[in-house]
Amino acid sequence: MPSEGFSGENIRINRGTYTMTLDMNNYEWNVDAPIDEYKISAFGSSVCNGQGADGNKGYAYLYGQQCETRSKRNQSEYPFYVSGVSIGGNTTNDLLYRYDEMIHDFGKYVIIGLSMGNEGIHGASNPDAIYNQFRDNMLLLIDKMKQDGKTVVVMNNYTRGDYNSTDYNYIKNMNRLIHQWDVASVNTLGAIDNGEGKWADGYMADNAHPTTSGHSQFFRAIPPSLFDALENGKPQPVRDMSQSTTLENGSVITFKGETNVNPYTVTVRVKGSEAGQVIAFASGSSKKGSVRILDGGYVEYESTAKDVITSSHPLITSDDTWYDITLTSYYAQKRTLVYVNHTLVGEVREGVTPTEFTIGDPEKALHRQFAELTFWRSAMNALEINDHCTGKMMKSSLDIYSPLSDAIKTDGIVNLAQTLNEAHYVEGTISNGISAVEQDTASGHVYDVLGRPVENTNHTGIYVANGKKVIVK
């Protein structure tokens, strides 16, 4: 009532049932409601509010739609939905100032969607101060929310049209910290980064906001069952590099995304330089990409378009050396990069939507040791990959993390990431050829050199029958 000398402010109310109380003695409103166990409050700035997307239907809106679809299809037992509490231009200080607005959304879950762009990192006279302010305020927000009973998910820093190399380094380093925080987080930078901290071509609505397609890439970087896992009380994952298992005789591990995968990273920790496939993925009904170790220990990637890159140095031939082999793909950039440990093997131009991944070689009687499988729903830069190789738990957009042991062959593969996604062990049936022939030396059956029964020997090849080599030309 400004005419009477009283000023006030808007009370933001999202859908729900509220009790409104007006204290006439102190001229105060009070808003109260029960906590909605399945409401996700999207608390951030303009990108979190959907700016740049058609109808402001950005990544938070898209994720809310997916939550509702999963519930209707019985893919989730929880009716999660997203409520918007974001305002354009907000900084960490703004979120602290209007913290009560988030509290009065009365949700159990909070997505914090901010970036250092609004904080002023670009062109800052003292970028270290901006960096420290963002870090300290984010940790303060997280701590306050946890004390108030909220479960927090952090969207990490993303690109802008005006970032330079200095800005890019600051946001990459901040994101490396966020990976390590005691909250779930989402790697938005790996979704539509052009490799220099700017929007990938065709994904910029304006300097500070992505297009509808850009928001879609952010959305796809969020694991679909993340909030199901959080509701189930699934804890933060911890690295375990002490175990291993051997995939042999065509045995493999398979997994896929719970929904369409665009940007992604997959890393396996392996030992042994024996020639054969290490990682493969199917894209569509007929295309395939694969990472293989060649004779001599060189690592090769063959893309879905049959482009090939090969490492300049071989793996150490000693079977006592572990390697992290990483495949990371930027869908928006149409780039796939291959690393051995922290060293870049090379990259190819391709934009793929993998439908299934395979770890191991189903076509060869190999005996290769695997210690860890890690899969993220976002691409990763060289600094993040190096952090993983040095033993850090990189959690932003983490979809599957499994420390592999021989227990996978009897008990299945455990996924420690905060999702409900699964990987599966598939036992191979390929022998080394000799044992099959030894067990069947008189029946007249014909085998190929891997010990598989052969029905038709009219094709060119080498076959074994009754202990004798038969060469068919």
Side-chain angles (χ1 to χ4, degrees), residues 1-2 6-23 26-53 56-61 63-64 81-121 129-158 160 174 178 181 183-186 188 208-209 215 218:
M1 298 176 63
F6 300 112
S7 62
E9 60 182 328
N10 291 334
I11 302 173
R12 186 187 185 104
I13 298 293
N14 285 311
R15 65 180 182 179
T17 302
Y18 302 87
T19 300
M20 310 290 292
T21 305
L22 174 59
D23 182 345
N26 296 303
Y27 307 104
E28 291 178 352
W29 283 98
N30 183 56
V31 184
D32 196 17
I35 297 297
D36 189 329
E37 296 293 316
Y38 305 116
K39 178 186 280 190
I40 304 167
S41 300
F43 189 41
S45 57
S46 56
V47 174
C48 192
N49 199 41
Q51 190 164 336
N56 270 36
K57 294 180 178 179
Y59 72 80
Y61 171 87
Y63 193 75
Y81 66 98
V82 173
S83 172
V85 202
S86 296
I87 296 177
N90 268 197
T91 65
T92 55
N93 282 324
D94 292 322
L95 261 58
L96 286 167
Y97 176 76
R98 64 184 188 91
Y99 183 82
D100 281 350
E101 188 172 314
M102 181 276 299
I103 290 295
H104 288 127
D105 200 37
F106 299 104
K108 177 179 177 180
Y109 295 94
V110 182
I111 291 174
I112 303 178
L114 293 175
S115 81
M116 289 200 293
N118 283 358
E119 213 80 7
I121 192 67
I130 299 296
Y131 179 93
N132 293 339
Q133 173 181 289
F134 185 88
R135 178 198 62 206
D136 295 346
N137 283 352
M138 285 291 290
L139 290 172
L140 178 58
L141 281 164
I142 292 167
D143 185 59
K144 283 169 64 70
M145 291 176 187
K146 286 184 175 182
Q147 289 185 31
D148 286 323
K150 309 298 182 184
T151 301
V152 185
V153 173
V154 173
M155 308 296 288
N156 69 12
N157 283 268
Y158 43 85
R160 273 178 66 111
M174 179 58 67
I178 294 172
W181 290 351
V183 290
S185 55
V186 178
T188 52
H209 304 99
H215 276 279
F218 282 4

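Computed over heavy atoms, backbone and side chain alike; hydrogens, waters and symmetry mates excluded. Only a predicted model underlies this, so the values are computations on that prediction, with no experimental measurement involved.
Heavy atoms only, all atoms of each residue included: Phe106 and Val31 are closest at CZ-O, 3.4 Å. Nearest heavy-atom pair, Phe218 versus Thr188, reported as atom, atom and distance to 0.1 Å: CE1-O, 3.3 Å. For the residue pair Ala33 and Tyr18, the shortest heavy atom distance occurs at CB-CD2, 3.9 Å. Considering all non-hydrogen atoms of both residues, Ser45 and Ser86 come closest at O-CB, 3.5 Å. Taking both residues in full, the closest heavy atoms of Ile103 and Lys150 are given as CD1-CE, 4.0 Å, listed atom of the first, atom of the second, then distance. Across every non-hydrogen atom of Val85 and Asp105, the tightest pair is CG2-OD2, 3.3 Å.
We find the OH-NE2 distance between Tyr61 and His215 to be 13.5 Å, quoted to the nearest 0.5 Å. Here CD1 of Ile130 is found 10.5 Å from CE of Met174. Values are rounded to the nearest 0.5 Å. Expressed to the nearest 0.5 Å, how far CG of Asp143 lies from CG of Asp148 amounts to 9.5 Å. Summarising the geometry, atom CG belonging to Asn93 is positioned 5.0 Å from atom CG belonging to Asn137; distances are rounded to the nearest 0.5 Å. Interatomic distance, Tyr131 OH to Asn157 CG, rounded to the nearest 0.5 Å: 9.5 Å. Expressed to the nearest 0.5 Å, how far CZ of Phe134 lies from CD1 of Ile121 amounts to 10.0 Å.
With sequence neighbours left out, Tyr81 forms a side-chain contact (heavy atoms from CB on, under 4.5 Å) with Arg15, Asp36, Lys39, Glu68. Annotation: side-chain contact (heavy atoms from CB on, under 4.5 Å) contacts of Glu28 (sequence neighbours excluded): Asp23, Asn26. Taking Thr21 as the reference, Thr19, Asn30 meet the side-chain contact (heavy atoms from CB on, under 4.5 Å) condition, with sequence neighbours excluded. The ring-ring contact (aromatic ring centres under 6.0 Å, His included) check on Tyr109 picks up Phe80, Phe227, with sequence neighbours excluded. Lys144 is linked by a side-chain contact (heavy atoms from CB on, under 4.5 Å) to Leu96, Tyr99, Leu140, counting only residues two or more places apart in sequence or in another chain.
At least one side-chain heavy atom of Cys48 sits under 4.5 Å from a side-chain heavy atom of Tyr59. Residues Val183 and Lys146 are in side-chain contact: their nearest non-hydrogen atoms beyond the backbone lie under 4.5 Å apart.
Side chain to side chain, Thr91 and Asp94 meet the donor-acceptor criterion of an N or O pair below 3.5 Å.
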Residues 111-119 side chain polar contacts: donor-acceptor under 3.5 Å, at least two apart:
residue	atom	partner	partner atom	Å
Ser115	OG	Gly117	N	3.1
Asn118	ND2	Asn90	O	3.0
Glu119	OE1	Thr92	N	3.2
Glu119	OE2	Thr92	OG1	2.4
Glu119	OE2	Gln133	NE2	2.8

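At most 12 non-hydrogen atoms from other residues, nucleotides or ligands lie less than 6.0 angstrom from NZ of Lys57.
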